[in-house]
Amino acid sequence: MSLYRDEGVVLRTQKLGEADRIITLLTRQHGRIRAVARGVRRTKSKFGARVEPFGHVDVQFFVKGSDFPGRGLPAITQVETLAAFGAPLVSDYAAYTAGTAMLETAERLTDHEGEPALQQYLLLIGALRTLAARAHEPALVLDAFLLRSLAVAGYAPSFGDCARCGLDGPHRFFSVPGGGAVCGDCRPAGSVVPSPETLDLLGALLTGDWAGADASETRYRREGSGLVAAYLQWHLERGIRSLRLVERSS
Amino acid sequence: MYEGAVQDLIDELGRLPGVGPKSAQRIAFHLLAADPADVRRLVNALVEVKDKVRFCTVCGNVAEADQCRICLDPRRDPSVICVVEESKDVVAVEKTREFRGRYHVLGGAISPIEGVGPDDLRIRELMTRLADGEVTELILATDPNLEGEATATYLARLCKPMGLKVTRLASGLPVGGDLEYADEVTLGRAFEGRRLLDV
């Protein structure tokens, strides 16, 4: 029997039995963890509000017997809030849908439970903080997060040099299976020709050039979001369900 | 394993939510020992609930006719609509005896991670009800969790151009509780929604 403590972000909650919930968290030291929170659906629960999605929390887990992964879920015994991102996000529908897509992507990119994913964790905290502060348009923050998550997972796309031969860019063609911008010689069948401004925007989002990204026009943002979504879905093989419901400015 | 009918009954009972194999066995043997008239009543209740119960064409609540009891009651105030997620919530609000208006059951809450969007709920039906101008106040009584709040935000934004009074249920400290045990989110909301004590 052991107790351990970690901090993490609540990614998803699922109902369990009469009044319990299974909480999926992305933690700093243990990566993605699923744990049972007993009685949190009752109104008299002392920590129900702390284990809602988007909550950044300090949690104590209790594992019965050996802590082999998969041998029963740990129970959550104590929770303290470090930052409640839920409240500012939920009052803005566009930010809420963008945030949900981030949580789902973070869950999907950390496929092994209990395997540390510190970079992904720090990226998620940063993205949620930016989203809650409403410093930039929610859809831009989402696309920046998706691109950087892919980069952390090892799927960084190229928006300048050719993704195949490394020839200095910029290039006209963009290929999702090819890994990003491709030169005229390397371009595989099915490559698209996005606007040069869109590729500049995506490059700015990947590197964190917010001044350049905020100055972009809506039509390039839309085209960029389409490319990011296609790129993400190609590498994850299965679609991100909440991406379809993200509200983007018209 | 038991023979034939007994095992079939245990298997069927075991498919109910929250009923494990041991509970199923206990219930099955209770039914076997029970008075035949009692069992007959249970059977009738099961058959009737599937045959008779429909969803109200106006509010989406469970009903035995085209419209539910509340929508047909002329004493209910038609100018106030209380929006809830499930039929269970209608019963919860009715128990307070505070509300004399009508209801609208959405059938869930917006939850993108589960793939549930605004189009999967009865939001279009709600907009149709609001269009005739009879309704003056909309009370958003979705659950006080993340999905419920997001649904309330979405509906409030959708109704803004209609010039309705849109209100949200208050959230805060439970009656009979201790302040020190309240979590910071709830306590924060209680501060936000504090009211003037007029004595």
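Keep in mind that what you see is a predicted model, and the values were worked out from it rather than measured. In what follows, every chain begins at residue 1, and chains take the letters A, B, ... in the order their sequences are listed.
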Above 12 or not: heavy atoms from other molecules or residues under 6.0 Å from CZ of A:R134?
-> yes
For B:L146 and A:Y96, which heavy atoms make the closest approach, and how far apart are they?
-> CD2-CE1, 3.8 Å
Considering non-hydrogen atoms only, spot the tightest contact between B:T153 and A:D92 and give its length.
-> CG2-N, 4.2 Å
Contact winner vs chain B - A:T97, A:T81, A:V90, A:L89, heavy-atom pairs under 4.5 Å | A:V90
Any chance CD of A:Q29 has more than 12 other-residue heavy atoms, nucleotides or ligands included, within less than 6.0 Å?
-> yes
A:E247 CD to B:R157 CZ distance, which is reported to the nearest 0.5 Å | 4.0 Å
Neighbour count >12 (heavy atoms, 6.0 Å) for atom CZ, B:F55 | no
Which residue out of A:E104, A:R50, A:E18 racks up the most heavy-atom pairs below 4.5 Å with chain B?
-> A:R50
Looking only at heavy atoms, what is the nearest atom pair of A:L245 and B:P118, with distance?
-> CD2-CD, 4.3 Å
Proximity breakdown for A:E52 and chain B, heavy-atom pairs closer than 4.5 Å = side chain
Minimum heavy-atom distance between B:T186 and A:A49, given as atom pair plus value = OG1-CB, 4.0 Å
For B:E114 against A:T13, the heavy-atom pair lying closest together = OE2-O, 4.3 Å
Is chain B contacted by the side chain of A:L11, its backbone, both, or neither, given a heavy-atom distance below 4.5 Å?
-> backbone
Would you please go through residues 8-24 of chain B and name the residues with a non-hydrogen atom below 4.5 Å from one of chain A, in numerical order?
-> none
Can you tell which of A:T100, A:L103, A:I240 makes a side-chain contact (heavy atoms from CB on, under 4.5 Å) with B:P112?
-> A:T100
